[in-house]
Engineer: 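My structure is below; once you've seen it, I'll send some questions.
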Amino acid sequence: MYHIFARGRHGAVLTPAGERILYHARQAMQHLKMMQHEANLHKGLHGGHVRIAAFRSVATHLLPKAMPTAGIV
């Protein structure tokens, strides 16, 4: 059994094994993001920014409700 945390007076800290596991977990998360990006490229989904001009009343009342419906978060 490997311990990834050591508990002391100042709380829990990562052990050297925990540091390595954290490194690999971060690498795995980065790879997942890259895989999702590649999949989106093949679907024709390119990332970018959209600028929307609207009257203040529309921007405050209608757009916040419409954006999740359109898949914009």
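Sequence positions, counted from 1, serve as the residue numbers for this chain.
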Engineer: Tell me, which pairs form a side-chain hydrogen bond (donor to acceptor under 3.5 Å, both in side chains) where one or both residues lie in residues 51-64, sequence neighbours left out?
Structural biologist: none
Engineer: Taking side-chain contact (heavy atoms from CB on, under 4.5 Å) as the definition, give me every residue that meets it alongside Lys33, ordered by chain and number, with sequence neighbours left out.
Structural biologist: Gln30
Engineer: Report yes or no: do Ile52 and Phe55 belong to one cluster of Ile/Leu/Val/Met/Phe/Trp/Tyr joined by side chain heavy-atom distances under 4.5 Å?
Structural biologist: yes
Engineer: Applying side-chain hydrogen bond (donor to acceptor under 3.5 Å, both in side chains), name anything that partners Gln27, two or more places apart in sequence or on another chain.
Structural biologist: Tyr23
Engineer: What closest approach, in Å, do Ala54 and Ala59 show between heavy atoms, and which atom pair accounts for it?
Structural biologist: CB-N, 4.3 Å
Engineer: Verify the neighbour count for atom CD of Gln36: are there more than 12 heavy atoms of other residues, nucleotides or ligands below 6.0 Å?
Structural biologist: no
Engineer: What's in the same ILVMFWY side-chain cluster as Ile4, cut-off under 4.5 Å, chained through other members?
Structural biologist: Phe5, Leu14, Ile21, Leu22
Engineer: Identify, with sequence neighbours excluded, every residue that meets side-chain contact (heavy atoms from CB on, under 4.5 Å) alongside Val13.
Structural biologist: Ala6
Engineer: Which value, rounded to the nearest 0.5 Å, describes the distance between His42 atom NE2 and His37 atom NE2?
Structural biologist: 9.5 Å
Engineer: Taking the hydrophobic residues Ile, Leu, Val, Met, Phe, Trp and Tyr, and joining any pair whose side-chain heavy atoms are under 4.5 Å apart, which ones share a cluster with Leu32?
Structural biologist: Met29, Met35
